[in-house]
Amino acid sequence: SDPEHRAQRLQNHIAELTESRDKMKKIFDDGHKLNVPAEFKELYTYQMMTAKFGLDYLNFQIKWFKKMLEQGVDFNE
């Protein structure tokens, strides 16, 4: 694929990841507002840690693909 087409695909993918990240951030932020009964605290903690992992992973992917886009990586080298 030509570099221009590749760049557009990367931009589209970054946009999709950003949308997913924004949704995950809302879930994470809303989760912190909950008043969780004691009997569900362990489950809540696990769910919040999982949401945080997802948020961190999406942020990593966005950063990684943006770097790839900025560097103009040529997969044919």
Side-chain angles (χ1 to χ4, degrees):
S1 87
D2 65 275
E4 190 173 305
H5 185 77
R6 186 178 320 116
Q8 183 60 51
R9 287 196 339 251
L10 284 171
Q11 289 170 344
N12 291 344
H13 189 58
I14 291 166
E16 291 172 3
L17 289 169
T18 300
E19 184 178 331
S20 294
R21 190 260 328 264
D22 293 347
K23 290 176 184 176
M24 181 63 71
K25 176 93 170 92
K26 178 154 178 36
I27 290 168
F28 185 74
D29 291 345
D30 289 349
H32 281 292
K33 298 174 188 172
L34 296 175
N35 185 12
V36 179
E39 64 266 23
F40 297 113
K41 282 285 190 190
E42 185 176 338
L43 177 60
Y44 167 79
T45 299
Y46 177 77
Q47 289 176 331
M48 291 302 294
M49 289 174 60
T50 302
K52 176 70 169 122
F53 172 82
L55 189 56
D56 290 346
Y57 184 58
L58 286 164
N59 281 322
F60 168 79
Q61 288 183 81
I62 291 166
K63 182 178 176 182
W64 193 84
F65 281 109
K66 280 183 176 180
K67 185 175 181 181
M68 180 185 290
L69 184 62
E70 290 167 4
Q71 292 178 349
V73 175
D74 184 356
F75 294 102
N76 297 317
E77 289 182 348

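FYI, the numbering just counts along the sequence from 1.
In this structure, the side chains of Arg21 and Thr18 come closer than 4.5 Å at one or more pairs of heavy atoms.
When only modelled atom types and interatomic distance are considered, Gln8 and Asn12 share a side-chain donor-acceptor pair under 3.5 Å.
Residue Thr50 holds its OG1 atom at 9.0 Å from CE of Met24, rounded to the nearest 0.5 Å. The structure places CD1 of Ile27 at 10.0 Å from CE of Met48, a figure rounded to the nearest 0.5 Å. Rounded to the nearest 0.5 angstrom, Arg9 CZ and Phe65 CZ are separated by 11.0 Å.
Within a 6.0 Å sphere centred on OH of Tyr57, heavy atoms belonging to other residues, nucleotides or ligands number 12 at most.
Residues satisfying the salt bridge (charged side-chain N to carboxylate O under 4.0 Å, His left out) criterion with Lys66, sequence neighbours excluded, are absent altogether.
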Identify every side-chain donor-acceptor pair in residues 28-40 under 3.5 Å, counting partners at least two apart or on other chains, and give the distances.
from, atom 1, to, atom 2, distance (Å)
Asp29, OD1, Lys25, NZ, 3.0
Asp29, OD2, Lys25, NZ, 3.1
Asp30, OD2, Lys26, NZ, 2.8

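Here salt bridge (charged side-chain N to carboxylate O under 4.0 Å, His left out) pairs that include residues 40-51, with residues two or more places apart or in two chains, number zero.
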